[in-house]
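Naming convention: chains lettered A, B, ... in sequence-line order (proteins, then strands); numbering from 1 in each chain.
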Number of protein chains: 2
Amino acid sequence: MRFEAVTIKDIARALGLSTSTVSRALRDSYEISPETKKLVLDYAEKINYQPNPIALSLKERRTHSIGVIVSEIANSFFSQAIDGIESVAYRNGYNVIISQTRESAEREQVNLNYLTSRSIDGLIVSVSAETSDFSNFRELYERGMPIVFFDRIAPDINTYKITVDSYRGAYDATVHLIRNGYNRIAALASNVLLSITRDRLAGYRAALADHGLIEKDEYIRYCQHGGLILEETDIAVSEMLNAPERPDAILALSDKLTTGCLRVLKAHKIKVPHDIALIGFSNSDLTELIDPALSIIKQPAFDMGEMATNSLLQMIESKKPITDFNTTTLAPQLIIRDSSQPGR
Amino acid sequence: MRFEAVTIKDIARALGLSTSTVSRALRDSYEISPETKKLVLDYAEKINYQPNPIALSLKERRTHSIGVIVSEIANSFFSQAIDGIESVAYRNGYNVIISQTRESAEREQVNLNYLTSRSIDGLIVSVSAETSDFSNFRELYERGMPIVFFDRIAPDINTYKITVDSYRGAYDATVHLIRNGYNRIAALASNVLLSITRDRLAGYRAALADHGLIEKDEYIRYCQHGGLILEETDIAVSEMLNAPERPDAILALSDKLTTGCLRVLKAHKIKVPHDIALIGFSNSDLTELIDPALSIIKQPAFDMGEMATNSLLQMIESKKPITDFNTTTLAPQLIIRDSSQPGR
DNA sequence: TTGTAAGCGTTATCAC
DNA sequence: GTGATAACGCTTACAA
């Protein structure tokens with residue numbers, strides 16, 4: 001099965017011209033006479049000529065494609081971010097090539113090799129939960145591949161980064177819990193390797209300290225696979241519940257963990273917020289419909305995708321190398337609903 | 001900013017060989033002596049040679065990329081389907097290029113032009129809600145581009161199609177409502193142009209007829225943009241509520257419409273299922289957490305993505321043209337929870 | 001104003 | 001066993 005294509009050569013042959021004349025006529029070059037132009041243009045139109053982007057890519061050494069690496073497409077945060085990426089790419093004539101790591105560093109590496117080797121002009125990445133070694137990204141970057149990180153960033157690579165103020169999001173959410181009278185606040189965290197896990201935990205800890213609460217090890221539980229497996233979340237939450245002093249509130253530090261935590265609590269017949277309050281990072285559109293209406297820290301995912309893409313395109317299209325990179329830190333949105341307030 | 005690449009030429013020059021020898025050595029050709037092979041392979045390894053996929057594409061006239069056109073990425077059903085598509089593509093060494101129509105036929109057309117002209121080997125499509133004219137797809141298809149449709153299909157194009165039995169899904173859900181004592185059942189539908197809208201409505205109507213219930217025009221409302229705009233859903237649901245005899249149950253015919261309908265009902269302070277029962281098509285993971293736990297018709301989105309991609313790859317890689325296409329119809333899953341049962 | 005030829009990176013065909 | 005050359009589709013010096 002093959003897609004049969006019309007080429008410049010076909011036009012040239014049909015019209016008794018050379019390929020270069022046809023090429024120039026198609027690009028409306030000043031060197032070509034109006035008559036020839038019209039002739040070529042009309043004929044091209046007639047036989048529905050479409051330039052071959054592959055040939056152009058080979059010549060121009062750019063593909064007008066950008067690669068995207070995320071852990072999981074079917075996830076509110078990432079699908080919203082990809083939505084933003086696609087929007088900007090579309091407006092600028094770029095294709096978006098998607099791949100997912102499923103939180104595996106190994107798969108991330110394979111995807112990286114696969115996407116690069118010049119079939120893309122640039123890369124937008126949110127690293128996998130397992131990634132501890134960023135040398136592959138660094139190496140690629142140093143060899144000239146424009147890369148922008150968003151959300152889960154590579155700390156030591158000097159390029160554009162789009163993040164939200166995770167520290168503040170966790171801090172504010174924790175303070176909100178404290179103000180509502182909770183003082184045995186647990187944190188359900190993703191993989192400790194992730195930049196965002198560390199930032200969010202730092203915010204949580206700072207809020208506790210600022211309010212004279214003592215941080216307890218048994219109140220912090222990690223999920224290596226970011227809650228991709230519900231069982232993992234189940235174990236983590238169960239451990240919290242079995243702590244000598246059961247927590248009275250839980251702060252969940254990622255999308256999957258927030259809803260996963262609620263699922264586990266419901267399975268244990270624990271009422272939220274009556275028995276335990278819950279607040280967490282989430283980007284689902286449905287959190288307000290949930291029972292109880294979930295208090296969340298929401299990230300501007302769509303905007304992050306847009307901004308990451310704008311920065312990337314700037315890097316790709318800049319003539320001179322960019323050295324002055326900045327990290328854009330967006331504000332998370334704290335949305336208080338029922339799950340984190342006593343008496344609801 | 002440019003990605004500097006190592007080519008076969010560089011290797012040839014460095015080793016004092018010809019490019020053809022290097023090429024053959026790299027592909028482990030029997031014509032090349034073991035010593036030369038080792039020399040080339042070692043050097044290629046050392047300088048991290050990666051073949052240029054663009055050059056290969058030009059030569060082989062295939063890109064190992066497949067295009068995907070959906071209405072919206074940030075939608076449970078589509079993101080799960082894309083997940084399935086990416087999985088199969090990844091296993092088979094294909095890239096996935098995503099674009100979204102946002103339910104606009106015009107944008108669909110632009111994306112189509114943009115993706116095709118041979119920068120992809122095949123296309124997976126779920127048409128936009130607005131699409132009434134399939135001639136662009138047909139033309140492209142007849143010119144040799146492999147296309148597979150899923151979910152929202154083009155009825156008259158003879159190729160692989162992956163759908164769910166929408167008729168049955170709607171039929172069974174309606175019967176379920178009837179058996180639970182509801183007899184003023186309304187249907188909240190997406191754009192009437194869509195194949196799935198018509199199929200689902202047909203199932204709904206058949207169930208009513210089979211149980212001696214009379215279909216009423218005022219119980220059927222359409223949303224032109226598939227509920228992409230909440231306002232549209234609000235108007236449709238409000239009209240239903242204002243019918244001379246208010247419906248006692250609503251069947252929502254798409255993902256966005258199901259949750260949108262619940263949102264509107266809640267805004268109107270209408271209790272589900274006490275005042276009005278609700279069941280609808282949905283692929284969200286969170287429906288069981290919603291208040292009330294939503295009864296849904298779920299589509300095997302991930303599987304559909306996988307199957308669509310398998311069929312497409314078969315078309316792409318088949319030597320002889322395929323003529324014997326089949327339409328795969330998967331069973332929807334009816335999940336009964338609280339929103340559609342009286343006394344819950 | 002138009003044509004010729006080289007080049008983008010690779011492989012297939014033909015020579016030697 | 002290895003090398004030259006042409007070709008994939010297109011653009012662009014350079015010639016005419």
Side-chain angles (χ1 to χ4, degrees), chain A residues 2-41 43-44 47-65 93 116-121 143-144, chain B residues 2-41 43-44 47-65 93 116-121 143-144:
Chain A
R2 178 134 297 165
F3 190 70
E4 274 314 323
V6 178
T7 73
I8 263 186
K9 230 184 226 170
D10 298 326
I11 301 180
R13 203 177 311 124
L15 265 36
L17 291 168
S18 74
T19 56
S20 36
T21 304
V22 174
S23 171
R24 279 184 278 236
L26 289 169
R27 341 203 83 240
D28 199 25
S29 159
Y30 66 97
E31 308 167 290
I32 304 296
S33 74
E35 302 82 55
T36 311
K37 265 184 199 167
K38 182 157 175 26
L39 189 70
V40 171
L41 256 23
Y43 186 70
I47 63 171
N48 191 25
Y49 167 79
Q50 301 277 18
N52 182 335
I54 301 296
L56 280 173
S57 293
L58 185 59
K59 187 125 203 40
E60 297 176 5
R61 294 146 132 203
R62 50 184 304 181
T63 59
H64 284 273
S65 295
T116 47
S117 56
R118 294 144 299 163
S119 66
I120 54 170
D121 295 341
R143 274 167 50 220
Chain B
R2 178 137 293 166
F3 188 69
E4 274 315 323
V6 178
T7 74
I8 268 187
K9 235 183 222 171
D10 298 326
I11 302 181
R13 203 177 310 124
L15 264 37
L17 291 168
S18 74
T19 56
S20 22
T21 304
V22 174
S23 172
R24 278 186 281 235
L26 289 169
R27 341 204 82 240
D28 199 23
S29 161
Y30 67 97
E31 307 167 289
I32 304 294
S33 74
E35 302 80 55
T36 311
K37 266 185 198 166
K38 182 156 177 22
L39 189 69
V40 171
L41 256 23
Y43 187 70
I47 63 171
N48 191 24
Y49 166 79
Q50 301 278 18
N52 181 335
I54 300 297
L56 282 173
S57 293
L58 185 59
K59 191 131 201 34
E60 297 176 5
R61 291 142 136 214
R62 50 185 304 183
T63 59
H64 284 274
S65 294
T116 47
S117 57
R118 294 144 299 163
S119 66
I120 54 170
D121 296 341
R143 274 166 50 219

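Taking atom CZ of residue A/R13 and atom P of nucleotide D/dC10, one finds them 12 Å apart after rounding to whole Å. Distance B/L15 CG to D/dG1 C1': 15 Å, rounded to the nearest Å. Atom-to-atom, OH of B/Y49 to P of C/dG9 comes out at 10 Å; the value is rounded to the nearest Å. Rounded to whole Å, atom P of D/dT12 lies 13 Å from atom CG of A/L26. Between the CG atom of B/L56 and the C1' atom of C/dT11 there is a distance of 8 Å, rounded to whole Å. B/I11 places its CD1 atom 12 Å from the C1' atom of C/dG9, with the value rounded to the nearest Å. We find that CZ of A/R62 is positioned 19 Å from C1' of C/dG9, with the value rounded to whole Å. Summarising the geometry, the separation between CD1 on A/I54 and P on C/dT11 is reported as 16 Å, rounded to the nearest angstrom.
B/K37 meets the side-chain contact (heavy atoms from CB on, under 4.5 Å) test with B/A25, B/D28, B/I32; sequence neighbours excluded. Contacts of A/S20 classified as side chain to side chain donor-acceptor pair (under 3.5 Å), with partners at least two apart in sequence or in another chain: A/S18. Legend: residues meeting side chain to side chain donor-acceptor pair (under 3.5 Å) with B/T36, ordered by chain and number and at least two apart, are B/S33. Residues forming a side-chain contact (heavy atoms from CB on, under 4.5 Å) with B/L26 (at least two apart in sequence, or on another chain): B/I8, B/V22, B/V40, B/L41, B/A44, B/Y49. Residues that satisfy the side chain to side chain donor-acceptor pair (under 3.5 Å) test with B/S57, not counting sequence neighbours, are absent from this structure. Under the rule for a side-chain contact (heavy atoms from CB on, under 4.5 Å), the partners of A/K9 that lie at least two apart in sequence or sit in another chain are A/T7, A/R13, A/T19. Among residues two or more places apart in sequence or in another chain, the side chain to side chain donor-acceptor pair (under 3.5 Å) test is passed with A/S29 by A/E31. Shown here are the salt bridge (charged side-chain N to carboxylate O under 4.0 Å, His left out) partners of A/K38, two or more places apart in sequence or in another chain: A/D42.
Of the side-chain N and O atoms in A/S20, none sit less than 4.0 angstrom from OP1 or OP2 of D/dT12. Under 4.0 angstrom from either OP1 or OP2 of C/dT11 there lies at least one side-chain N or O belonging to B/R27. Listed pair A/T21 / C/dG3 meets the phosphate criterion, a side-chain N or O lying under 4.0 Å from OP1 or OP2. The side chain of A/S23 contributes an N or O atom lying less than 4.0 Å from OP1 or OP2 of D/dT11.
Nearest approach of A/D121 to A/T63, heavy atoms of both residues: OD1-N, 2.7 Å. The nearest pair of heavy atoms linking A/S65 to A/S119 is CB-O, 4.0 Å.
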Handout entry: Check against side chain to side chain contact (heavy atoms under 4.5 Å, CB included), A/H64 and A/L56
Key = CA-CA 10 Å; A/H64 284 273; A/L56 280 173; over 6 Å; no
Practice task
Test B/N48 against B/V6 for side chain to side chain contact (heavy atoms under 4.5 Å, CB included), laying out the working first.
Solution key: CA-CA 8 Å; B/N48 191 24; B/V6 178; over 6 Å; no
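The side chain of B/R24 sits closest to C/dT13 out of D/dA13, C/dT13, D/dC10.
Residues from residues 28-37 of chain A placing a heavy atom under 4.0 Å of any atom in DNA chain C, listed by number, are A/E31, A/I32, A/S33, A/T36.
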Any protein N or O atoms within reach of nucleotides 6-8 of chain C? Criterion: under 3.5 Å, listing atom names and distances.
residue	atom	partner	partner atom	Å
C/dG7	N2	A/K59	NZ	3.0
C/dC8	OP2	B/K9	NZ	2.8

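The overall bend of the helix from C/dT1-D/dA16 to C/dC16-D/dG1, read as the angle between its terminal helix axes built from five base pairs each, is 60° when rounded to 10 degrees.
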